[in-house]
Amino acid sequence: MITFEYVEPESLEEVLALLEQHGEDAKVLAGGTGLINLMKQRLVQPAYLIGLRQLAHSPELAEIRPNSGLTIGALCSHRTIETSALIQHRLPLLATTFRHVASVRIRTAATLGGSLAHADPNQDPPPALLVLDARLRVQSHHGEREIELSDFFVDYYETALEPEELITTVIIPPQPADTGTAFLKFLPQTHDDYATIAVAALVSLDGDTIIRARLALGAAAATPLRVRAVETALRGQAPTPQVIHAAAALVAEEVDPLADFRGSVEYKRDMAVVFTQRAIEQAVTQARGASGNV
Amino acid sequence: MKPIQLRVNGQAVERDIPDNTLLIDLLRNGLDLTGTKEGCSVGVCGACTVLLDGQPVSSCLTLAVTADGCEVTTIEGLTEGDRLHPLQKAFIDYGGFQCGICTPGQIMSAKALLDENPHPSKDEIQSWMMGNLCRCTGYYKIIESIQAVADGKVST
Ligand SMILES: Cc1cc2nc3c(=O)[nH]c(=O)nc-3n(C[C@H](O)[C@H](O)[C@H](O)COP(=O)(O)OP(=O)(O)OC[C@H]3O[C@@H](n4cnc5c(N)ncnc54)[C@H](O)[C@@H]3O)c2cc1C
Ligand code: FES
Ligand code: FES
């Protein structure tokens, strides 16, 4: 293991001051499930590791708060989100998605902030949060800003976050009535692996017309991938099998997956189309039965 | 170096450790608790599972400094004197292991499950134990061992 100095500030202000002081030389440590592995491989070599453990009880970073939508603290663990009664009720898409990540042991440690800042395109939460139009509240010593999640991912392990910035909360706006969602993780080998392809879909209906659609994929490109071409093809249409089939076919042109032991490029591209179609179908079915909850 | 104070299997421990010490190395090399095994070193296999304040974690991905002030439970902490924990007894009675490398991690994960949910269904056991790999036994016997404890069939 590389050497570094570990510091564990008691307050958010101290964390932000240390990030300001050390910039690129520092990394924050949340659950450690992503960062410690990268440090073991010497892919990331921070001189200062800033443990966030003492902030785990700060209301802003650790709570799930209902408002017109919902805000979720960046230090909430995957397991907290998966088992939260509030999330299960208001955003079942997120409960399902976080339950599909790795194993209970990893989900116990891994946090919401880490699931985004780590920026591995194979992760499951990003596509689900993209279709929900999530925004990140980010703080630094100088102040606060909000970043649309759709503007956040830049490249493999690269985000729009500045070195001195910390994600404090994730904001999920309210959704219209008659909205349905789906998250499908296709992994033919074992259930605790990353996906071969993952798809999240959201559809809002007005009568039998799609008035809003969102589609995003994981494990499909260098970043989590929102596919606006599919969204545009669905909007204003009645969700007939033909419309859904034609819209789903458009992802084949958009994905740019890597071949690995989870599948070849061709296979992943084919599965992206198949699972996009299924995810849209499921979201439509749910929207038809929806009672205002997402 | 950092000073840390924690409780390991109920015993108070105080040490000065290098900042980059992993919990598994503190347990195995610093405290001679070699029951906890290291398999993959990347969080996948579960061999290194210990309980940190009652929650299952990969000790291969956990910095020892982050266990400061916590209670750590390892496989060595389950026996009471000579009396095996029901899960240990069940893994013997129901053939839940062969080479035994994965077993401490299997048992610690199973303990975390039963502490949270004393009467899990077979499905709940399977999905909870998903992250603990075994190259020898096959998973049926492991699930059966845990089920036996949940069903109160094991006395020690
Ligand atoms: C065995 C294994 C299997 C896995 N399988 C899956 C899977 O199936 N699906 C999936 O989606 N993921 C999977 N993962 C990845 C896992 O979900 C991520 O490692 C995890 O989400 C990272 O969160 P963390 O809290 O542990 O972050 P850390 O490891 O603590 O940090 C990761 C990065 O995020 C930064 N960071 C953390 N919090 C913040 C914050 N609040 N603000 C700014 N930066 C921050 C850190 O500085 C670091 O750069 C797996 C990981 C392992 C080890
Ligand atoms: S050794 Fe820690 S999970 Fe495999
Ligand atoms: S008993 Fe040998 S690996 Fe499980």
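Quantities reported herein were computed from a predicted structural model and do not represent experimental measurements. Worth knowing before you read on, the calculation uses all heavy atoms, side chains too, and leaves out hydrogens, waters and symmetry mates. Labels below follow one simple rule: chain letters A, B, ... track the order of the sequence lines, proteins then strands, and each chain is numbered from 1.
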For [X], look at atom [atom1] and say whether over 12 heavy atoms of other residues, nucleotides or ligands are found less than 6.0 Å away.
{"X": "Lys40(A)", "atom1": "NZ", "value": "yes"}
{"X": "His141(A)", "atom1": "NE2", "value": "no"}
{"X": "Arg65(A)", "atom1": "CZ", "value": "yes"}
{"X": "Tyr140(B)", "atom1": "OH", "value": "no"}

Asn37(A) and Leu61(B), any side-chain heavy atoms less than 4.5 Å apart: yes
When you compare the side chain of Leu63(B) with that of Phe4(A), does any pair of heavy atoms fall below 4.5 Å? yes
Contact origin within Leu35(A) toward chain B - heavy atom pairs under 4.5 Å: neither
Part of Thr108(A) within contact of chain B (heavy atom distance under 4.5 Å): side chain
My understanding is that only one of Asn20(B), Leu22(B), Thr62(B) makes a side chain to side chain contact (heavy atoms under 4.5 Å, CB included) with Ile36(A); could you say which? Leu22(B)
Heavy-atom cut-off 4.5 Å, strictly under: side chain, backbone, both or neither for [X] against chain A?
{"X": "Asp25(B)", "value": "neither"}
{"X": "Cys70(B)", "value": "side chain"}
{"X": "Leu52(B)", "value": "neither"}

Hey, are Arg79(A) and Glu116(B) close enough for a salt bridge, meaning a charged N less than 4.0 Å from a carboxylate O? yes
Quick one: do the Thr66(B) and Arg53(A) side chains pair a donor with an acceptor below 3.5 Å? no
Residue from Arg99(A), Met1(A), Glu8(A), Met39(A) scoring the most non-hydrogen pairs under 4.5 Å with chain B is Met1(A)
Looking only at non-hydrogen atoms, find the nearest pair between Ser103(A) and Gly131(B) and report the distance. CB-CA, 3.6 Å
State, to 0.1 Å, how close Val104(A) and Pro56(B) come at their nearest heavy-atom pair, and which atoms those are. CG1-CG, 4.4 Å
Rounding to 0.5 Å, atoms OH (Tyr48(A)) and CG (Asp19(B)) come to a distance of 11.0 Å
Would the distance check show the side chain of Arg105(A) and the main-chain N or O of Val50(B) forming a donor-acceptor pair, the cut-off being under 3.5 Å? no
